[in-house]
Amino acid sequence: MRVGFGYDVHPLVKGRNLILGGVSIPFEKGLDGHSDADVLVHAVIDALLGAAGMGDIGGMFPDTDDSYKDISSLVLLRHVGQALKKALFEVENIDVTIVAQRPKIAPYIQEMKENMALELDTKIDRINIKATTTEGLGFTGAGEGMVAYAVALLK
């Protein structure tokens with residue numbers, strides 16, 4: 001068994017769609033970044049790559065490569081899932097916490113889990129997603145950005 005930890009943060013800006021777990025969530029702002037800036041999936045990718053000893057998201061999908069500009073993070077997750085299978089790893093479980101003051105994330109969690117399970121070719125019950133606020137404190141509480149923390153266990 002191998003464990004990995006992932007973390008990602010992106011600022012919220014006007015003029016971008018908010019994508020979390022591959023789900024487009026209605027909101028007045030979206031996350032800014034080179035790809036679709038899906039903090040949830042980015043944290044999961046880093047946790048999986050860490051557990052497998054395969055580096056990190058920036059090494060595998062550098063933001064200096066224009067082929068990743070505005071790409072769906074689910075596509076990146078699929079590539080990671082394929083690399084894990086090739087290295088004979090299997091996802092035992094993934095646990096993620098999204099930190100955001102708004103919008104409410106709970107109505108979209110099931111679809112996020114389904115998206116990630118599909119791309120990783122794993123069972124949906126191996127993925128857990130939670131969301132919390134910072135009670136108005138810090139940059140997430142001020143609505144300036146979102147954070148995601150993830151842990152992954154591979155066998």
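For this chain, numbers begin at 1 and follow the sequence in order.
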Would you please test Thr64 and His34 for side-chain hydrogen bond (donor to acceptor under 3.5 Å, both in side chains) and show each step? CA-CA 9 Å; Thr64 55; His34 186 69; over 6 Å; no
One pair to check against side chain to side chain contact (heavy atoms under 4.5 Å, CB included): Asn93 and Asn128. What are the steps and the verdict? CA-CA 8 Å; Asn93 80 298; Asn128 188 59; over 6 Å; no
Dump the intermediate steps for side chain to side chain contact (heavy atoms under 4.5 Å, CB included) on Ile127 and Ile129, then the final yes or no. CA-CA 7 Å; Ile127 300 171; Ile129 301 170; 4.2 Å; yes
Arg16 vs Asp70, side chain to side chain contact (heavy atoms under 4.5 Å, CB included): CA-CA, chis, key distance, verdict: CA-CA 11 Å; Arg16 294 268 302 192; Asp70 297 323; 3.5 Å; yes
Do Val147 and Phe139 pass the side chain to side chain contact (heavy atoms under 4.5 Å, CB included) test, and can you show the C-alpha distance, the side-chain angles, and the key distance before you say yes or no? CA-CA 10 Å; Val147 172; Phe139 73 92; 3.5 Å; yes
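Ring pair Tyr7/Tyr149 is tilted by interplanar angle, where 30° to 60° counts as tilted.
Counting only heavy atoms from C-beta outward, the side chains of Met60 and Leu49 approach each other to under 4.5 Å. Residues Ser35 and Phe61 form no side-chain contact, since every pair of their non-hydrogen atoms from C-beta on lies 4.5 Å or further apart. Side-chain contact between Leu77 and Met116 is present, with heavy atoms from C-beta onward closer than 4.5 Å. Looking only at side-chain heavy atoms (C-beta outward), Asp8 and Asp46 stay at 4.5 Å or farther from each other. When side chains are defined from C-beta on, Pro103 counts as touching Leu18, because their heavy atoms get closer than 4.5 Å. Leu153 has its side chain within reach of Met1: a pair of non-hydrogen atoms, C-beta onward, lies under 4.5 Å apart. Leu84 places a side-chain heavy atom less than 4.5 Å from the side chain of Leu154.
The minimum heavy-atom distance linking Met112 with Ile25 is given by the pair CE-CD1, 3.8 Å. Minimum heavy-atom separation, Ala37 to His10: O-CD2, 3.6 Å. Nearest heavy-atom pair across Ile19 and Leu31 is O-CD1, 4.3 Å. Contact record, Ala51 with Ala152: CB-O, 4.0 Å, taken as the closest heavy-atom pair. When every heavy atom of Gly21 is checked against every heavy atom of Val41, the shortest pair comes out as CA-CG2, 3.8 Å. When all heavy atoms are compared, the tightest approach of Gly22 to Leu74 is CA-CD1, 3.6 Å.
The main-chain N or O of Ser73 is never found under 3.5 Å from a side-chain atom of Asp38 such that the two would form a donor-acceptor pair. Between the side chain of Arg126 and the backbone N or O of Ile94, no donor-acceptor pair lies under 3.5 Å. No donor-acceptor pair under 3.5 Å is formed between the side chain of Gln101 and the backbone N or O of Ala142. When atom types are taken as modelled, the side chain of Thr134 and the backbone of Thr140 share no donor-acceptor pair closer than 3.5 angstrom.
Taking 4.0 Å as the cut-off between side-chain N and carboxylate O, Asp36 and Lys69 do not count as a salt-bridged pair. Here Lys14 does not pair with Glu28 in a salt bridge; the nearest charged N to carboxylate O distance is not below 4.0 Å.
Hydrophobic clustering keeps Met54 apart from Phe5 (ILVMFWY residues linked when any side-chain heavy atoms are closer than 4.5 Å, directly or through intermediates). Val151 is not connected to Ile45 by any chain of hydrophobic side-chain contacts under 4.5 Å among Ile, Leu, Val, Met, Phe, Trp and Tyr, and they are in different clusters.
Enclosure of atom NZ in Lys130 by more than 12 non-hydrogen atoms of other residues, nucleotides or ligands within 6.0 angstrom is indicated.
To the nearest 0.5 angstrom, Arg102 atom CZ is 8.5 Å from Lys29 atom NZ. Remark: Asp121 CG to Gln82 CD distance equals 9.5 Å, nearest 0.5 Å.
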